[in-house]
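First up is the structure itself, then whatever we jot down about it.
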Amino acid sequence: GAVVSQHPSWVICKSGTSVKIECRSLDFQATTMFWYRQFPKQSLMLMATSNEGSKATYEQGVEKDKFLINHASLTLSTLTVTSAHPEDSSFYICSASQIGTDTQYFGPGTRLTVL
Amino acid sequence: QKEVEQNSGPLSVPEGAIASLNCTYSDRGSQSFFWYRQYSGKSPELIMFIYSNGDKEDGRFTAQLNKASQYVSLLIRDSQPSDSATYLCAVTGSGDDKIIFGKGTRLHILP
């Protein structure tokens, strides 16, 4: 149980394009989903907390207009990196918490490379 | 600023020995404590969670929590080369649903 999927697992795009990453909880309902970014050999960095049906809460220093988050249902959250640039190249990982718990289960991550 | 501190390592342990990973946290109001394992290039995988003072055992893993001293540890018995990874300690902040992660300890099991 508690499986989280992400799609795509790997994406390469040109500078200036937008990329959408999907995060799904497959066997449970998640009121809260989280988006993290991790650069090579660095620790996880929380970007934003997403609650179903409401606006995401972004961490300090994360541009909400650049990283658009939508949590449309209890099993799906999306992160759109708008006008991506090479410095946005990173490993993006989502996690989800089951209703009534604070345990986070992570998706497999999406590796974004912006040329 | 709520913090979770871990020794970055690498911690080298012979195969078959006990690996001991430690973590301290700053927020006395923290209620939930987690250990995640992260292999290079992969996302974190939940190993254990603990809520109460004392020990919690699951197979070869034992989590230990001491809220008075604000530390949590993970013991891995009969260490295997496949245990070589970065171990992340994570703690919930009081009053919100975020988890605060430590920077992780790199564990290397020597065959």
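Lettering of chains follows the sequences in order, A, B, ..., and the numbering in each one begins at 1. Just so it is clear, the values below take in all heavy atoms, side chains as well, and ignore hydrogens, waters and symmetry mates.
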Just how far is it from atom [atom1] of [X] to atom [atom2] of [Y], taken to the nearest 0.5 Å?
{"X": "A/Leu46", "Y": "B/Phe101", "atom1": "CG", "atom2": "CZ", "value": "9.0 Å"}
{"X": "B/Gln38", "Y": "A/Phe106", "atom1": "CD", "atom2": "CZ", "value": "8.0 Å"}
{"X": "A/Phe91", "Y": "B/Ser43", "atom1": "CZ", "atom2": "OG", "value": "5.5 Å"}
{"X": "A/Ser95", "Y": "B/Ile99", "atom1": "OG", "atom2": "CD1", "value": "7.0 Å"}

Determine whether [X] and [Y] fall in the same hydrophobic cluster, where Ile, Leu, Val, Met, Phe, Trp and Tyr are linked whenever their side-chain heavy atoms lie under 4.5 Å apart.
{"X": "B/Leu65", "Y": "B/Met48", "result": "yes"}
{"X": "A/Val62", "Y": "A/Tyr92", "result": "yes"}
{"X": "A/Tyr58", "Y": "A/Leu79", "result": "yes"}
{"X": "B/Leu107", "Y": "A/Leu44", "result": "no"}
{"X": "A/Ile21", "Y": "A/Met33", "result": "no"}

Below 4.5 Å from any heavy atom of chain B, which atoms of A/Gln42 appear? Answer side chain, backbone, both or neither.
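Interface part for A/Gln42: neither.
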Name the member of [options] that forms the most heavy-atom pairs with chain A at distances under 4.5 Å.
{"options": "B/Gly41, B/Gly102, B/Ala90", "answer": "B/Gly41"}
{"options": "B/Pro44, B/Ser40, B/Ser32", "answer": "B/Pro44"}
{"options": "B/Arg106, B/Lys98, B/Lys103", "answer": "B/Lys98"}

So with a 6.0 Å cut-off around [atom1] of [X], is the heavy-atom count from everything else above 12?
{"X": "A/Lys20", "atom1": "NZ", "result": "no"}
{"X": "B/Lys42", "atom1": "NZ", "result": "no"}
{"X": "A/His7", "atom1": "NE2", "result": "no"}

Taking C-beta and beyond as the side chain, do B/Tyr36 and A/Gln104 meet within less than 4.5 Å on heavy atoms?
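SC-SC contact between B/Tyr36 and A/Gln104 confirmed.
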Select one option (side chain, backbone, both, neither) describing which atoms of [X] are under 4.5 Å from chain A's heavy atoms.
{"X": "B/Tyr51", "value": "side chain"}
{"X": "B/Leu46", "value": "side chain"}
{"X": "B/Gln31", "value": "neither"}
{"X": "B/Ile100", "value": "neither"}

Name the member of [options] that forms the most heavy-atom pairs with chain B at distances under 4.5 Å.
{"options": "A/Asn51, A/Thr103, A/Thr57, A/Ile93", "value": "A/Thr103"}
{"options": "A/Met45, A/Glu59, A/Lys41", "value": "A/Glu59"}
{"options": "A/Asp102, A/Thr49, A/Thr32", "value": "A/Asp102"}

